Each structure stands twice: as structure tokens, then as C-alpha cells.
Amino acid sequence: MFNIILFGPPGSGKGTQSENLIAKYNLKHLSTGDLLRSEIAAGTPLGVEAKKLMDAGQLVPDEVVVGMISSALDANPQVNGFLFDGFPRTTAQAEALDKLLKLKGTEIGVVLALEVSDEELVKRLLNRGLTSGRSDDTNENVIRNRIVEYKNKTAIVADYYKPFDKVKNIKGEGTLDEIFALLSKEIDLRLSAN
Ligand code: ADP
């Protein structure tokens, strides 16, 4: 199995690039944002609680998202690998993920970190808000809060993987094809070294 973390701030293009990457490398896409939005759509108690935090631009508690990821890993025993999108977002989540993958005899192969400037992020998210139907994309204060949460709690997650030489920074500005080529090149490199 080859498992990838697509890392980066909100609006850096993780969702879009994930769609292309899972098709090319035949991976199972696990997006905690999508899993949470399914819970909201289904009106589950978890979804109701998560929505309050998401609409304020805050993170959902670690145990909630770790539980969802654990179930998703168990539900997909026969895959080439997982592409994690929007997870892990805290160091505690990264540690929990390591343990879960270890139980399955596997590990993270590479962390691909998309880099995009703050102003470009805000522009992209407000633009996405025009069509995404996501309430957290329509209010600039909520968007800026998400970026602050990213800087305070998530950016350091890259440091967790650095000692293992697993992090590759990728410029997340340019055309979709250019960014996809950079991501693919790095994955191919790591796959051939495996
Ligand atoms: P974006 O990358 O644009 O912020 P996501 O769909 O990944 O979009 O996340 C939307 C919201 O869902 C986040 O702002 C946060 O409230 C919640 N969320 C998603 N993933 C996690 C996670 N791993 N830990 C905590 N909260 C999460």
C-alpha cells in the first residue's frame, strides 16, 4: 500500500487535486471535510454538533474525526492505498493515524504540502462560496478564521513528518495541470524508490 497525505491550508486545492490523483493512482479518497458534510446532510447528532464548529471556522474535536477515519480504514480493507485530504489537521490526529496505519501493517508514504498565499486563499474560497453551497465559504471572517486555525494547529503537523523525510512542499499556484504534474512527479519518485 502507498498512502498519501495531501496537505495545505483551506482553499489550497486539495479537493480538486485529490480527484485527479485517486483516478491516476487508484487510491481511496478519505476527506474528513466530505465525511463531516455527509453526517450533516444525514442529520446525525455528530453532524449537528460538527456543523456548529464548521460554520464558525473551527476544527471539530480530534476524537470525532479520528473515529470517522478509523471506520473508513476498516471499511476499505482491499485498496492500493489511501489519499488523506484535510486529515490529519492536528499533531494528535497525526499520532492517531500512525497508530491506525501501523495496526494495518502500513504507513504514510509521502506528505505533499500545497503552498498558496493567504490573499489567494481568501479569493479562491469566496469564489468557491458562490457555487459550493458551503456556508463556511461565504463569509470572509469565517474564511480568515479557518486560515488562523490552520496556522495555529495544522501547519505544525508537517513538522511531525519532517524527521522521516516525508514532506514535499509543492507550489499550489499555477494551472491545475501544472500542479498535478508536480504532485505526480513526486509520487512517481517515491513509488519507484519503494
Ligand atoms: P477546507 O480545506 O476548505 O477547510 P474541509 O472540507 O477540509 O475544507 O473542512 C471543512 C471544515 O471541516 C473545517 O473548517 C473543520 O471545521 C472541519 N474539519 C475537516 N477536517 C477536519 C479535521 N481533520 N479535524 C478537525 N476538523 C476538521
Side-chain angles (χ1 to χ4, degrees), residues 3-19 21-22 29-42 44-73 82-101 108 111-158 160-161 170 172-173 176 179 183:
N3 306 299
I4 299 170
I5 295 174
L6 198 51
F7 192 76
S12 57
K14 301 185 297 289
T16 313
Q17 295 296 343
S18 289
E19 293 304 324
L21 291 171
I22 56 163
H29 185 197
L30 292 184
S31 154
T32 39
D34 287 351
L35 292 171
L36 288 165
R37 281 184 288 276
S38 306
E39 296 281 340
I40 293 174
T44 65
L46 190 160
V48 172
E49 282 311 304
K51 184 170 178 9
K52 293 181 202 157
L53 294 163
M54 291 164 77
D55 282 350
Q58 290 167 8
L59 293 185
V60 171
D62 289 336
E63 53 277 20
V64 173
V65 285
V66 169
M68 288 191 325
I69 287 289
S70 176
S71 310
L73 293 179
F82 293 97
L83 175 66
F84 297 97
D85 160 8
F87 180 90
R89 254 173 157 100
T90 63
T91 304
Q93 291 178 20
E95 287 166 357
L97 179 61
D98 264 2
K99 286 196 188 125
L100 290 171
L101 292 178
I108 292 299
V111 179
L112 301 168
L114 291 169
E115 296 183 312
V116 177
S117 74
D118 285 2
E119 285 323 299
E120 172 71 14
L121 294 175
V122 174
K123 210 170 78 189
R124 285 187 190 178
L125 289 168
L126 282 172
N127 196 38
R128 184 168 85 185
L130 298 175
T131 52
S132 68
R134 279 179 55 171
S135 43
D136 61 344
D137 283 347
T138 47
N139 179 315
E140 185 164 340
N141 286 334
V142 173
I143 290 173
R144 293 207 180 263
N145 230 352
R146 284 156 63 198
I147 297 174
V148 169
E149 282 276 81
Y150 176 81
K151 290 191 172 154
N152 287 342
K153 298 177 183 166
T154 306
I156 50 166
V157 173
Y160 176 85
Y161 293 99
I170 306 270
E173 298 187 42
L176 291 180
I179 300 163
L183 293 166

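Counting starts at 1 for both ligands and their atoms, following the listed order. Note that the coordinates shown come from a computational prediction; the quantities given were computed from them, not determined experimentally.
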Atom indices of ligand 1 within 4.0 angstrom of [X] heavy atoms, with elements:
| X | answer |
| --- | --- |
| P10 | 1 (P), 2 (O), 3 (O), 4 (O) |
| M54 | 11 (C), 12 (O), 16 (O), 17 (C) |
| G86 | 20 (N), 21 (C), 22 (C), 23 (N) |
| F87 | 23 (N) |

(request) Could you tell me the separation between the CD1 atom of I69 and the CG atom of L100, rounded to the nearest 0.5 Å? (result)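 Atom-to-atom, I69:CD1 and L100:CG are 8.5 Å apart.
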(message) So, taking the atom named CZ in F82 and the one named CG in L73, what distance separates them when rounded to the nearest 0.5 Å?
(response)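 Answer rounded to 0.5 Å: 5.0 Å.
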Please state which protein non-hydrogen atom is closest to [atom] and give its distance, to 0.1 Å?
| atom | answer |
| --- | --- |
| atom 22 (C) of ligand 1 | R89 CD, 3.4 Å |
| atom 26 (N) of ligand 1 | V60 N, 3.0 Å |
| atom 18 (N) of ligand 1 | L36 CD1, 3.5 Å |
| atom 20 (N) of ligand 1 | T32 OG1, 2.8 Å |
| atom 15 (C) of ligand 1 | Q58 O, 3.6 Å |
| atom 2 (O) of ligand 1 | K14 NZ, 3.2 Å |
| atom 8 (O) of ligand 1 | R134 NH2, 3.1 Å |

(request) Going by the side chain to side chain contact (heavy atoms under 4.5 Å, CB included) test, name the single residue among R146, R134, E140 that passes it with L125. (result)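 Considering R146, R134, E140, a side chain to side chain contact (heavy atoms under 4.5 Å, CB included) with L125 is found only for R146.
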(message) If the test is side chain to side chain contact (heavy atoms under 4.5 Å, CB included), which one of Y160, Y161, F7 qualifies with P88?
(response)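 Filter result, single survivor: Y161.
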(request) Could you tell me whether some N/O pair between Q93 and ligand 1 is separated by less than 3.5 angstrom? (result)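 Yes, Q93 has an N/O under 3.5 Å of an N/O on ligand 1.
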(message) Side chain or backbone, does R128 bring an N or O within less than 3.5 Å of an N or O on ligand 1?
(response)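 Right, the criterion is met.
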Do [X] and [Y] come close enough that some side-chain heavy atom pair is under 4.5 Å?
| X | Y | result |
| --- | --- | --- |
| R124 | V116 | yes |
| L21 | I4 | no |
| M54 | V60 | yes |
| K51 | L36 | no |

(request) Please report the closest heavy-atom contact between T138 and G129, naming both atoms and the distance. (result)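 Nearest pair, atom of T138 first, then G129: CG2-O, 3.7 Å.
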(request) For V65 and ligand 1, answer yes if some heavy atom of the residue is under 4.0 Å from a ligand atom, otherwise no. (result)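 Yes; V65 lies near enough to ligand 1 that a heavy-atom distance drops under 4.0 Å.
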(message) With the threshold set at under 4.0 angstrom, would you say R37 reaches ligand 1 through any of its heavy atoms?
(response)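 It does, in that a heavy atom of R37 comes within the 4.0 Å cut-off of ligand 1.
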(message) Salt bridge or not between K99 and E95? Use side-chain N to carboxylate O under 4.0 Å.
(response)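 Salt bridge between K99 and E95, a charged N being under 4.0 Å from a carboxylate O: no.
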